[in-house]
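The chain is numbered in sequence order, starting from 1.
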Amino acid sequence: MLEVKTIAVNPKNTSQDCSNCGEKVDKELNIRTHSGPHCGIVIDRDLFAFA
């Protein structure tokens, strides 16, 4: 059986911190695509939240 470890984090700005490079990318809630200008990643914001 696969063991999964869960770590609690403060959710503030988690959809603005790039999971690919760690840089903060400010955006309003109506912007539904995450585009990382530092690393070039482009991903749907809802999918990005789980990355």
I31 backbone acceptor or donor facing R45 side chain under 3.5 Å:
yes
Close side-chain approach of C18 to I41, heavy-atom, < 4.5 Å
yes
Side chains of P37 and V25, heavy atoms from C-beta outward: is any pair under 4.5 Å?
yes
Nearest 0.5 angstrom please: T33 OG1 to I43 CD1, how far?
10.0 Å
So, the side chain of K5 versus the backbone of E3: is there a donor-acceptor pair under 3.5 Å, distance only?
no
Student check: side-chain heavy atoms of D17 and K24 closer than 4.5 Å
yes
